[in-house]
Amino acid sequence: MGETVLRLEELRKSYGETVALDGVSFDVGAGQMFGFVGPNGAGKTTLMRIVLGVLAADSGRVLWRGAPIDAEARRRIGYMPEERGLYPKMRVRDQLLYMARLHGASEADAGAAADRWMERLGIAARADDAVEALSLGNQQRVQLGVALVHEPDLLVLDEPFSGLDPDGVDALSGALLTEISERRVPVVFSSHQLELVERLCDSVAIIAGGRIAASGSLAEVGGGRPLGEVFREATRGSGAGATEEHRA
Amino acid sequence: MNQRETIELVARRELAEGLRSRAWRAALAIQMLVVAGIAIVSIVTSGGSGIHTRHLATAGPRAAAIAAKARTEAKGYGIKLEVEDATSAAVAREKVKNEDADAALGPRGLTVGKDPDAALVALIQNAARTVRGEARLRAAGLSPAAARAALEPPPLPTVEISTGEGEGGTGLAYIGALLLYVALISFGYAIASSVVTEKSSRVVEVILSAIRPVQLLAGKLVGVGILGLIQIAAVAAIGLLIAVPGGSISLPSSTFETVVLVLVYFVLGYVFYGGLFAAAASLVSRQEDTQSTTGPILIVLIASYIATNAALGDPNGGLATIGTFLPPMAPMVVPGRAAQGALPAGELIVSLLLMLAAIVVVVVVAARIYDRSVLRFGTPMKLREAIGFAIRRG
């Protein structure tokens with residue numbers, strides 16, 4: 001893999017008695033598509049929120065290009081939360097433009113980026129429609145547009161493919177692969193769809209019960225076996241869904 | 001991007017989306033219709049009371065003396081009397097005929113036009129009676145002072161229950177308080193709904209991956225506040241445009257100060273209540289739960305309005321003074337007292353200082369509650385838990 005750009009070191013997080021993360025560490029390299037798999041309640045969402053800074057870890061560090069990640073670096077992350085977040089009544093183009101501006105783009109740059117991403121994601125015709133008037137699939141495209149519109153240095157996507165039909169999966173994964181090949185932007189995403197992860201990713205981490213059960217390149221983790229088999233083996237002991245999904 | 005630009009960006013979004021929203025436009029239209037309706041009804045029922053200007057043409061020294069007397073008493077008849085000295089009685093009568101004057105007074109008596117103003121006639125008759133009676137008493141040998149004393153005994157002592165500048169000021173005071181109350185409620189809830197919309201749609205998570213919670217809260221308060229100012233200005237403008245020319249409100253001299261104070265105290269009251277509403281709304285994740293946490297604030301606001309109405313009946317009384325110093329009440333009480341000319345400058349300054357101090361406390365506490373709870377989803381947070389959040393540091 002390329003040089004490490006994102007490093008997670010011994011992250012721990014508890015909600016009262018419930019341990020969500022119990023010393024999680026892994027590295028993500030430049031231009032890598034990094035898949036993050038684990039049963040419900042394994043700590044995936046908590047981990048992503050900590051990387052984004054919307055949640056504070058109890059201990060441990062997140063390093064970006066060798067230094068502890070700060071607000072400026074976090075502004076350069078494109079984020080897609082698991083439970084999609086868009087303004088229901090705001091128009092598609094306005095929404096993309098606003099998000100780009102919030103991440104520091106000028107008015108002109110933000111407008112150009114919004115137009116470019118609507119074109120690429122196939123939603124240009126819906127530019128002046130309110131988000132709530134769009135199909136779920138198209139809303140998902142807008143959501144990805146929001147994550148990409150400010151040309152981030154890192155993409156963190158929580159279950160980006162859930163609920164999409166095969167066309168939607170192809171459109172989204174196509175856009176992500178383009179970002180990686182053109183700009184070497186690392187993509188970290190979580191998913192339940194193991195065969196999709198196997199198809200798209202260079203590297204994976206399997207998380208269960210707040211710990212990393214296995215991580216590395218597909219070859220290292222699987223040793224030639226299908227990812228599903230490795231996954232079932234790794235998560236058997238922890239008991240899938242042992243901890244309740246916690247919101248914080 | 002610096003702090004100010006970030007807040008401005010958030011505020012501009014709130015403003016643009018608000019102006020675009022059907023709900024906001026509908027609320028504005030309804031409020032303007034209601035206020036216009038109230039203004040029209042009050043014109044019709046009051047029959048256009050207030051001070052009217054009347055012109056009187058006089059001829060001869062006797063008429064001039066009566067006119068001078070009438071002018072001193074005109075206010076009591078709701079009349080502002082303009083007196084013009086005509087060269088002769090014929091010229092004076094001609095002026096009435098041409099409608100240049102409402103009445104002519106000459107050596108041979110009073111001439112009025114068709115449908116004369118009864119108050120004007122009564123005013124002149126009364127003045128004439130006094131002047132002529134005085135002349136006769138002096139002819140009978142009384143000194144001028146004794147003659148005047150005989151005809152003008154001191155007026156009956158009259159106690160006005162509501163002091164100040166009378167009807168105009170009182171009407172303006174109640175309208176101002178009502179306007180502020182409606183604005184505070186509607187924009188308190190606009191803030192609350194804006195906070196909850198971001199939480200329920202989870203967009204807040206995306207926003208807060210880019211900016212800090214305090215910036216989002218500040219931008220939201222500014223944006224919705226500007227929407228509120230536009231609304232309150234539009235509603236006040238339509239009310240005054242109809243009511244003032246129609247004569248249902250005769251604007252007292254305190255009008256300008258009142259309007260300035262309404263705007264100043266709207267901003268202060270709005271930040272005070274808006275901060276509280278935002279903090280309360282950040283505790284819930286769904287619109288349906290909003291009532292459960294904003295309820296206590298609404299009760300304070302309603303109680304303050306009721307107390308304000310009681311206080312404005314006696315703008316120099318104890319309740320009015322207390323209300324001037326209580327931040328939940330002051331935004332509605334202070335402009336109302338000023339409208340009635342019953343607000344000492346010292347009390348205004350103390351009120352402003354207390355209001356600003358309260359706002360600082362509210363904004364700090366609200367920002368802290370908002371900061372800790374806006375990313376917590378699920379069942380509404382307990383009030384005690386939220387206050388614990390506000391108190392604990394770190």
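In the text below, chain A, chain B and the rest are named by the order of the sequence lines, each starting its count at 1. Keep in mind that what you see is a predicted model, and the values were worked out from it rather than measured.
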Is [X] close to chain B through its backbone or its side chain, or both, or neither, when contacts mean heavy atoms under 4.5 Å?
| X | value |
| --- | --- |
| A:R91 | both |
| A:V146 | side chain |
| A:I77 | neither |
| A:E107 | side chain |

Task: Minimal non-hydrogen separation, B:V206 against A:Q143, with atom names - done: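 Result for this residue pair: CG2-NE2, 3.9 Å.
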Task: Residues, nucleotides or ligands: over 12 heavy atoms within 6.0 Å of A:E119 CD - done: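 Counting other residues, nucleotides and ligands, CD of A:E119 stays at 12 neighbours or fewer.
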- [ ] Quick one: do B:R202 and A:E82 satisfy salt bridge (charged side-chain N to carboxylate O under 4.0 Å, His left out)? Show the steps, please.
- [x] CA-CA 9 Å; B:R202 311 285 165 142; A:E82 179 187 16; over 6 Å; no
- [ ] Determine, stepwise, if the pair A:Y98 / B:R12 fulfils side-chain contact (heavy atoms from CB on, under 4.5 Å).
- [x] CA-CA 10 Å; A:Y98 178 60; B:R12 274 175 44 192; over 6 Å; no
Within this structure, what is the [atom1]-[atom2] distance for the pair [X] and [Y], rounded to the nearest 0.5 Å?
| X | Y | atom1 | atom2 | result |
| --- | --- | --- | --- | --- |
| B:L208 | A:L102 | CG | CG | 10.0 Å |
| B:S209 | A:M48 | OG | CE | 13.0 Å |
| B:R13 | A:M99 | CZ | CE | 8.0 Å |

Task: Side chain / backbone / both / neither for B:R20 at chain A, heavy atoms under 4.5 Å - done: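 Side chain only.
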Open item on the list: The test is side-chain contact (heavy atoms from CB on, under 4.5 Å); show your working for A:R75 and B:I211 and say whether it passes.
Closed with: CA-CA 8 Å; A:R75 231 181 205 178; B:I211 65 173; 3.7 Å; yes
Task: Test item: B:E205 and A:L52 side chains (from C-beta on) under 4.5 Å apart, heavy atoms - done: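 Result no, sub-4.5 Å side-chain heavy-atom pair not found.
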Task: Derivation of the side-chain contact (heavy atoms from CB on, under 4.5 Å) call for B:V203 and A:M90 - done: CA-CA 12 Å; B:V203 70; A:M90 204 171 178; over 6 Å; no
